[in-house]
Every structure is written in structure tokens, then in C-alpha cells.
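Labels below follow one simple rule: chain letters A, B, ... track the order of the sequence lines, proteins then strands, and each chain is numbered from 1. Basis for what follows: all heavy atoms, side chains included, without hydrogens, waters or symmetry-related copies.
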Protein chains: 2
Amino acid sequence: MPHIISRNHQNAWRSLLIAQSWAIRQIEFQLRKANEISFDVYEVLQTLEDSEGGKLRMSDLADRILFSRSGLTRMIDRLEELGYVVREPSPDDRRGWYAVVTPKGKEVRHRACDIVQTTLQAIWERSLSDEEAVALVPVMESVTKSARNYEPIRG
Amino acid sequence: MPHIISRNHQNAWRSLLIAQSWAIRQIEFQLRKANEISFDVYEVLQTLEDSEGGKLRMSDLADRILFSRSGLTRMIDRLEELGYVVREPSPDDRRGWYAVVTPKGKEVRHRACDIVQTTLQAIWERSLSDEEAVALVPVMESVTKSARNYEPIRG
DNA sequence: ACGAGACAGTTGCATTTGGAAGGAGTGCGA
DNA sequence: TCGCACTCCTTCCAAATGCAACTGTCTCGT
């Protein structure tokens, strides 16, 4: 075994993997129980709402929420059918499309927001001091950067 | 919006979400490129190898790798077909089954291990000091505990 | 102005997924 | 010992996923 990653790092990686899965699992469970949108949909709508004009190019959106391109296409298909989002052609690039949140999309996201926040508060905010939260960000951003640059992945 | 989680905690959560997705994505990409088993399979085999006697009850295994019960059943179906794992009835509980790694399973995991370790080293170990890794574990364990206890999820 | 190559987004296909329902076995209280 | 609630694992079904192939558009060097 030529490359050995330290025990501490392995443990950290593993604990992270598990913690995150449980957190997401719990959020999804709570959303489903309350009959709200799924976590994936929530992420899409929130990402759009956070963006300038409530819209984003398909590929930008896919990058941000880490969906495959084809996955996003079909997700937006569904959301469009539900009336949460509409597609809008890009004026300056005829290949491109924007996904745009509709008022209805904003509404359902807002309804789900309460549950997500409550759950996140219980399982995340209480486990982490404010300093720890602040310290975590640059570390995780460094991980992201390394992962992205390690080898380009065609989406 | 009654419950507001702090900006810092939100950023931390988001950065974690993204970092992890990228890391897993990259590991999966590397494994596929090298024509090795998938990350999920790797996790199953490793978890089994780490266990007493190389075996684990189906539901224990499902809990550790955070698979749904039905998902695990089918995963073990596939692995059994490939000869990486066998099922073995539990002697003291006739409902229960063990999944047991075979030598062939150990071999393929071992082959994949090099790639996983190398990738993990590049994107994880380098982004995190040893102290940071050590500090992360209890925090993440606290998250896991909160998420598990927040409300029991039937798998 | 042209062609090669990169890029945006979609679609086809085979595979995988999650949840709810089902069959079998266990354990505990009356 | 009977009954009932619970657990273990599997199966069924509809829905979602990823990859690879494809169309149409842009870019850049010549």
C-alpha cells in the first residue's frame, strides 16, 4: 500500500461522511413528513433565489448544486411542469438557457425553508460553535479546490 | 421566518456540502477511470473487512454505510453474483443474515484502495492539518448524534 | 471565411434508487 | 401458550440516476 493517509485524516473523513449523510437524511425525512418539496428541489430553488434576478444558466446551476448536466435537465423539466421554474433563452448565447424561479417556486421554497432551518439548527448549529463554523469554511473550500483541480471531470 | 440559523453556520454547512460532493465525485471518477469497483462497493467491502470475521449483519452494514435496507439487499445481490461476498445465515436469529467478504472481495478492494488513498491524500490530507483533522472528529460525531436522535428514521 | 474542436443542453438506455408492502421470525405481556 | 407489536430482510413499482451519444452553437487559428 504505497500511499497511506494518516489515521487522523481517515477518521476525520469518515466522520464527515457519516455526519453529512445523517444530516441530509434527517432533513429529507422531515421534509417528506411535512409533505414539502425534496431537499434537492429546495437546493435548486434556493440557489436560484440567491442569484441575480432569480435565474441562472443551466450549467452554472448544475455546477453549484453538483448535479450532472443530464440530471439537471430532467430536474428542470419536472420543476417546469410543476410551475416552480421556467426556462428562458439566453440573449447572447443561443446555446444557453436560463432557469428562472417563478413566484410559485418561491412560495414552496419558503414553506419548506422553515423545516430545513429548524432541522439544521437542531443538528448542525448546536453541534458547532460559531468559531468552529467560521474555521471550517476555508478548510472545506480548500478541499473543494483540490478536488476540482485534481483532475477535470467532464459533466 | 421563525428559525434563523446563523450566517456562519449556514456557510459552514454549505461549504461542507460542496466539498464532500466534489471529493466523492473525484474519487468515483478516478476509480472508474482505473476500471475498479465503485465507491459504494468499496465502502461495503471495506466496512466488512474492518469488522470481526469480515462479516456483518445486513442491517448493521446498512446502518454503517447509510444505505436503505432495500438498497443493501440489492447491492449484496450484485456483489454475491460477482463473487465478492456471500450470504450466511445467522445461527441465533433465523430472520438474520450475515454478509461475508470473500478472498476475491478482499482482493478487489485492495486493488481499489490505492486509488482511493491517493486521491484522498491529494484532496483531503493536503487541505487539512493534522490538528484540524483531530478537531473535526468530535464535531462531526456530535452532528451525527444530533441527526440520529432528532427523530428516529425507519430504514 | 472556413473547419476543427470546444461547449450548452438534451435524449436514449441500462442501471439504480427509495419507499411501501409483504413474509417470516422473535419477544414480551397477559 | 396465545396474541400482538416489533424486527429482519426481500420484493415490487415508479421514479431518478449516470454515462455516452447527439444536435446545435460558438471560438479560434489559419
Cation over ring face, A:K104 and A:Y84, 6.0 Å, 45°
no
Give A:D60 one of three labels, base, sugar-phosphate or nothing, depending on what nucleic acid heavy atoms sit under 4.0 Å from its own.
nothing
At under 4.0 Å between heavy atoms, what does A:T73 touch on the DNA or RNA strands: base, sugar-phosphate, or nothing?
base
Separation of B:F67 atom CZ from D:dC9 atom P, in whole Å?
15 Å
Minimum-distance nucleotide (side-chain atoms of A:R94 versus D:dT17, C:dT10, D:dT25)
D:dT25
Looking across every strand, which nucleic acid part, if any, lies under 4.0 Å from A:R74 by heavy atom: base, sugar-phosphate, or nothing?
base
Verify the distance criterion only: is there a donor paired with an acceptor across the side chains of B:Q30 and B:Q26 at less than 3.5 Å?
yes
Of the listed nucleotides D:dC9, D:dG18, C:dA8, the one nearest the side chain of A:R57:
C:dA8
Considering heavy-atom distances to DNA chain D, does A:D92 or A:D40 have its closest nucleotide positioned more toward the 5' end?
A:D40
Using the side-chain heavy atoms of A:S70, tell me which of these nucleotides is nearest: D:dC19, D:dC8, C:dA8.
D:dC19
Salt bridge check, B:E80 against B:R74: does any charged N sit closer than 4.0 Å to a carboxylate O?
no
Are B:L17 and A:I27 in one and the same hydrophobic cluster, where Ile, Leu, Val, Met, Phe, Trp and Tyr link if side-chain heavy atoms are under 4.5 Å apart?
yes
A:L79 has an atom CG; how far is it from atom P of D:dA15, in whole Å?
15 Å
5' precedence on DNA chain C between A:D93 and A:R32 (nearest-nucleotide basis)
A:D93
When rounded to whole Å, the CG to C1' distance for the pair A:D63 and C:dA8 reads 12 Å
Please tell me if B:S59 has a side-chain N or O lying less than 4.0 Å from either OP1 or OP2 of D:dC9.
yes
Nearest-nucleotide comparison on DNA chain D, the residue closer to the 5′ end among A:R95 and B:R95:
B:R95
Rounded distance in Å - CG (B:D77) to C1' (C:dT17):
14 Å
Distance in angstrom units between B:L66 CG and C:dG19 P, rounded
13 Å
Integer-rounded Å distance: D:dC8 P and B:E88 CD
18 Å
Is any side-chain heavy atom of B:V143 closer than 4.5 Å to a side-chain heavy atom of A:L16?
no
When you measure from the side-chain N and O atoms of A:R87 to the phosphate of C:dT10, is any distance below 4.0 Å, counting only OP1 and OP2?
yes
What integer distance in Å separates B:M58:CE from D:dT7:P?
18 Å
Atom CZ of B:R25 and atom C1' of D:dC19 are separated, to the nearest Å, by 12 Å
Using heavy-atom distances to pick each residue's nearest nucleotide on DNA chain C, tell me which of A:E28 and A:I76 is more 5'.
A:I76
